[in-house]
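In what follows, every chain begins at residue 1, and chains take the letters A, B, ... in the order their sequences are listed. Computed from a prediction, not measured in an experiment: that's the story for all the values here.
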There are 2 protein chains.
Amino acid sequence: MQFSKSTDYALHSLIHLGNSERCNNVGIKELSAELGVSESYLSKIMSKLRRDGIVRAVPGVNGGYELARPADQITFLDVIQVIEGRQKLFECSNSSSRQHRLLAEEGPALRDPKRPEKNDCLVEKVMYGAEQHLYQYLREQTVQSVLDNAFKRCTHGANKN
Amino acid sequence: MQFSKSTDYALHSLIHLGNSERCNNVGIKELSAELGVSESYLSKIMSKLRRDGIVRAVPGVNGGYELARPADQITFLDVIQVIEGRQKLFECSNSSSRQHRLLAEEGPALRDPKRPEKNDCLVEKVMYGAEQHLYQYLREQTVQSVLDNAFKRCTHGANKN
DNA sequence: ATATTATGGATATCAAAGGTCTTTATTAAC
DNA sequence: GTTAATAAAGACCTTTGATATCCATAATAT
């Protein structure tokens with residue numbers, strides 16, 4: 001269970017965009033040189049980010065990418081969900097097994113006839129909690145907060161001058 | 001980014017073991033029938049759990065598996081780390097890129113010569129935080145707590161009698 | 001001894017990640 | 001208008017990991 005390299009590339013690209021001057025598009029050449037990834041592969045990732053409204057892109061001479069909204073409104077969760085997809089972190093693969101009938105048994109009379117055997121898996125419930133915890137944290141982390149951290153370290157170092 | 005089916009199988013198997021009588025081994029036949037997975041595949045997963053000290057196994061007639069320690073001392077994190085491995089959730093793939101030299105630059109004089117360019121990635125730092133949050137939650141969830149939940153629901157339903 | 005059960009190795013299959021190349025569409029500058 | 005630069009999209013390839021099966025071996029109770 002690991003985040004993909006694509007997520008890595010996407011996050012670093014966005015940080016670079018957030019760090020460069022406003023109203024100044026950054027081309028795929030610059031980005032790919034910056035990250036050490038091929039232009040063709042990185043451009044696929046940027047296209048995904050564009051389709052999801054994270055960045056804007058203009059083709060043509062002097063074209064390139066820029067953030068589609070302020071850096072403090074682009075969360076890590078946004079980026080991760082674009083790149084990794086939006087499936088649940090965990091899905092029980094055998095909801096109809098005997099174990100679930102036993103563990104989830106509350107007496108047939110109590111069963112809601114509208115939701116026959118959905119969401120009965122207690123393991124899934126726990127893991128869904130894990131997902132919510134993780135997502136809450138990732139929602140609080142933004143492109144801007146990373147830039148702020150970097151800046152803090154710079155000025156901290158510059159105090160000596 | 002999703003947990004594997006193997007993790008699913010492992011967790012459900014452990015819950016079944018925790019739910020069955022003490023001093024009574026459960027064979028791979030019973031487990032695989034319970035979960036609807038092949039014996040050969042599930043046995044590989046159980047072997048992993050055994051090598052990591054989560055379950056005990058005895059071969060031979062009437063052999064099988066049992067929990068190696070009390071169910072409240074087997075956390076979800078334990079199981080996940082055995083099955084999914086212990087790599088970090090996120091590893092920066094380009095720590096030596098220009099971006100990191102820029103963002104992590106605190107002035108050459110401030111650099112710790114012992115740790116030249118390790119752990120300089122701010123994205124990795126954020127994601128490490130995410131990992132710690134997730135792990136903290138998963139450490140609090142045990143095989144026993146799932147069984148308790150199931151039991152609570154049963155007695156709750158049985159109140160009507 | 002024999003039947004039963006777990007273990008480990010070899011192998012097969014399939015999907016997804018990671019990556020390249022080519023063609024097309026769009027834009028600025030000349 | 002032509003051209004050079006740039007993003008977009010699709011076809012394709014390779015590698016890797018998850019999932020799974022099968023067989024031979026070891027251990028154990030009866």
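The NZ-C1' distance, from B:Lys29 to C:dA3, rounds to 11 Å in whole Å. One interatomic measurement links the two molecules: CG of A:Leu42 to P of C:dA17, which rounds to 17 Å at whole-angstrom precision. For the pair A:Asn25 CG and C:dT26 P, the computed distance is 17 Å after rounding to whole Å. Between A:Leu35 atom CG and C:dG18 atom P the separation is 14 Å, expressed in whole Å. For B:Met1 and C:dA16, the CE to C1' distance is 15 Å, given to the nearest whole Å. Nucleotide C:dT7 holds its P atom 13 Å from the CD atom of B:Glu39, rounded to whole Å. The distance between atom CZ of B:Arg50 and atom C1' of C:dG8, rounded to the nearest whole Å, is 10 Å. Per the geometry, CG belonging to B:Asp52 stands 13 Å off P belonging to C:dT7, to the nearest Å.
Going from atom OH of B:Tyr137 over to atom CD of A:Glu131 covers 10.5 Å, rounded to the nearest 0.5 Å. Taken to the nearest 0.5 Å, the CG atom of A:Leu31 stands 12.0 Å off from the NE2 atom of A:His12. Here the OG-CG distance, from B:Ser13 to B:Leu42, works out to 4.5 Å after rounding to the nearest 0.5 Å. Going from atom CE of A:Met127 over to atom CG of B:Leu11 covers 6.0 Å, rounded to the nearest 0.5 Å.
We find that B:Arg86 and B:Asp52 are joined by a salt bridge, their nearest charged nitrogen and carboxylate oxygen being less than 4.0 Å apart.
Where DNA chain D meets chain A (any atom under 4.0 Å from a heavy atom), the bounding nucleotides read 5' to 3' are D:dA4 to D:dA11.
Among B:Arg69, B:Arg139, B:Gln73, the one residue that satisfies the side-chain contact (heavy atoms from CB on, under 4.5 Å) test with B:Asp78 is B:Arg69.
Nearest heavy atom pair, residue A:His16 against residue A:Glu30, reads NE2-OE2, 2.9 Å.
A:Lys44 contributes no side-chain N or O that forms a donor-acceptor pair with the base of C:dG18 under 3.5 Å.
Two residues, A:Val61 and A:Ser40, neighbour DNA chain C, and the one matched to the more 5' nucleotide by heavy-atom proximity is A:Ser40. Of the two residues contacting DNA chain D, namely B:Tyr41 and A:Gly63, the nearest-nucleotide position lying further toward the 5' end is that of A:Gly63.
Here the side chain of A:Glu39 pairs no donor or acceptor atom with the backbone of A:Lys29 at under 3.5 angstrom.
Counting non-hydrogen atoms of neighbouring residues, nucleotides and ligands closer than 6.0 angstrom, the OH atom of B:Tyr135 exceeds 12 such neighbours.
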Next on the checklist: side-chain contact (heavy atoms from CB on, under 4.5 Å) for B:Leu147 and B:Ile15? Distances and angles first, verdict last.
Outcome noted: CA-CA 7 Å; B:Leu147 291 173; B:Ile15 288 167; 3.8 Å; yes
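Contact check, A:Ser4 against C:dG18: a side-chain N or O comes under 4.0 Å of OP1 or OP2. A sub-4.0 Å separation between OP1 or OP2 of C:dT7 and a side-chain N or O of B:Ser47 is present. Contact between the side-chain N/O atoms of A:Asn62 and the OP1/OP2 oxygens of C:dA29 is found at a separation under 4.0 Å. Note on A:Tyr9: a side-chain N or O is less than 4.0 Å away from OP1 or OP2 of C:dG19.
Among the atoms of the strands shown, only primed sugar atoms or phosphate atoms (P, OP1, OP2) are found under 4.0 Å from some heavy atom of A:Arg51. Using a 4.0 Å heavy-atom cutoff across all strands shown, A:Ser38 reaches sugar-phosphate atoms only and no base atom. Using a 4.0 Å heavy-atom criterion, one finds that A:Val37 contacts no nucleic acid atom at all.
Of the candidates C:dT7, C:dT27, C:dG8, the closest approach to any side-chain atom of B:Ala57 belongs to C:dT7.
Using a 4.0 Å cutoff on non-hydrogen atoms, no part of residues 76-87 of chain B comes near DNA chain D.
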